[in-house]
Number of protein chains: 2
Amino acid sequence: MADTKLTAMSASKAEILDAAAEVFMRLGADTASIDDVARQLGSTKGRIYHHFPSKGVLLAEVCLRAADFVLQRVPPVITPDAAPEENLRQMILTHIPEVLRTLPYHKVIIQSYVGVQQKSTTALERELFAQIQLERKAYETLFRDVLQTGMQDGSFRAQNTSIALQSLLLLINAPVFWYHPRADEPDSFIRDLSAQLAEMALASLR
Amino acid sequence: MADTKLTAMSASKAEILDAAAEVFMRLGADTASIDDVARQLGSTKGRIYHHFPSKGVLLAEVCLRAADFVLQRVPPVITPDAAPEENLRQMILTHIPEVLRTLPYHKVIIQSYVGVQQKSTTALERELFAQIQLERKAYETLFRDVLQTGMQDGSFRAQNTSIALQSLLLLINAPVFWYHPRADEPDSFIRDLSAQLAEMALASLR
DNA sequence: AGGCAAACATACTACTGAGTATGCTGTCAA
DNA sequence: TTGACAGCATACTCAGTAGTATGTTTGCCT
């Protein structure tokens, strides 16, 4: 799963992150133990604690990676001189397949959206979660900008920007909640799904 | 908070559920301990274990109550001979304020949506979670029906029903993720918020 | 009055799970 | 060759937590 790397990372570390994302997704980040992650890897705790100083940092790096995935793909498809509608459509059509490609990571980061304030003990953990917060804000800003531009030129109807933005973001992440990859699903499924959600999102703004 | 009761319940038990919902919301249902809930109540564990056989059952009853809240308010506003659009609008305008009124409960039940398969040990817990599942399905069906009716009579555009339904449900629950009651917020805020989301939801379907 | 549950509080037990200390093994540079 | 370090495995410690067992009080019915 892990291929593109924004920050250089050893293959072993990436493998651990994949396993952690998978296990955290299945059992929940709190419920899952480090031993569970180790079992998924076919190794023991020692390997994990050799690369990560604590469970909190491991969780933080999983979330950070989730943010990196989309932040790497979506900005390049934004073309400043295109119509807001077309920009937003392309952003959504890029966002959704990328999210579903790296689904476990996003299922984990969504857990942290639902309240659960970290009891970040160590300074490193606080720092990482602050960075996640920053990347999240940056990602939101991409959508906020295109939204505001569209409202000004009349592409989108005028309404409370924050509410519209939050709703939009949740809408394009909706598949994270219910999508399960299936063997008998046609290759075009994700493309069609993305297209339908893009239509719904755009329609909700017009 | 707890006033309307679908199943008769002692005041003390309701008070425990309120506290549990609050604490589970803040710390996450897994992280939070029974002692945390007891501390929130200003009492001790004994009181909780007198009313609930296990933490799992306590969590299940919180979720069940969350489902009950909306399931009690929304069905009455559905009028079979009204237009699908108008029915759906009224459902949303009822759903959102009720959800925000009982916010902690819904923040807890949403945690369970995000993966986390219960390790329901006892039979009672499995039974309760099965009932939650049923109520959830029943609630979804309310929306699915009005959606399909609207697609047939042309009120709504034809598209994949499941995807549209899931997106719709997430959209009307979006405030659960970001809403925080504020002292300086005007009385009309929730009403306006609900109206905007209803507009967005309806627009996304047309 | 008095007894008898219900409704708690107190004081335990048993166990899980994060983190650590230390041991083992291959690899690579000097 | 060797030594030294990365990359793990093994075997612990210890704090926190679910659950229990047993007291103690309070209302309530007769």
Is the A/Tyr179 to A/His106 ring centre distance short of 6.0 Å? no
Could you please name the option among D/dA18, C/dT20, D/dA9 that lies closest to any side-chain atom of B/Ser33? D/dA18
Between C1' of C/dA18 and CD of A/Glu125, the distance in whole Å: 12 Å
Distance-only side-chain donor-acceptor flag, B/Glu127 / B/Gln131, under 3.5 Å: no
Would you say A/Ser12 reaches D/dG7's phosphate, i.e. side-chain N/O to OP1/OP2 under 4.0 Å? no
When you check the gap from the basic side-chain N to the acidic O, do B/Asp18 and B/Arg65 get nearer than 4.0 Å? yes
For C/dC8, does either OP1 or OP2 sit under 4.0 Å from a side-chain N or O belonging to B/Thr44? no
Residue mapping more 5' on DNA chain D - nearest nucleotide basis, B/Tyr49 or B/Gly46: B/Tyr49
Could you tell me the separation between the NZ atom of B/Lys45 and the P atom of D/dG23, rounded to a whole number of Å? 18 Å
Separation of D/dC14 P from A/Ile34 CD1 (nearest whole Å): 21 Å
Rounded to whole Å, how long is the line connecting atom CZ of B/Arg47 with atom C1' of D/dT20? 20 Å
Near A/Asp184 CG, under 6.0 Å, is it more than 12 heavy atoms from other residues, nucleotides or ligands? yes
Would you say the base of C/dG19 and the side-chain of A/Lys55 have a donor-acceptor pair closer than 3.5 Å? no
So if I take every side-chain heavy atom of B/His50 and compare against C/dA9, C/dA7, C/dG19, which nucleotide ends up nearest? C/dA7
Looking at D/dC8, I'd like to know if its phosphate oxygens (OP1 or OP2) sit under 4.0 Å from a side-chain N or O belonging to A/His51. yes
Without decimals, in angstroms, what is the distance between A/Glu15 CD and D/dC8 P? 9 Å
In whole angstrom, give the distance that lies between atom CG of A/Asp35 and atom P of C/dG19. 12 Å
Nearest whole angstrom, please: distance from the P of C/dA18 to the CG of B/Asp30. 12 Å
Cationic N near anionic O, under 4.0 Å, A/Glu140 to A/Arg136: yes
Starting from C1' on C/dA9, measure out to CZ on B/Arg39 and report it in whole angstrom. 16 Å
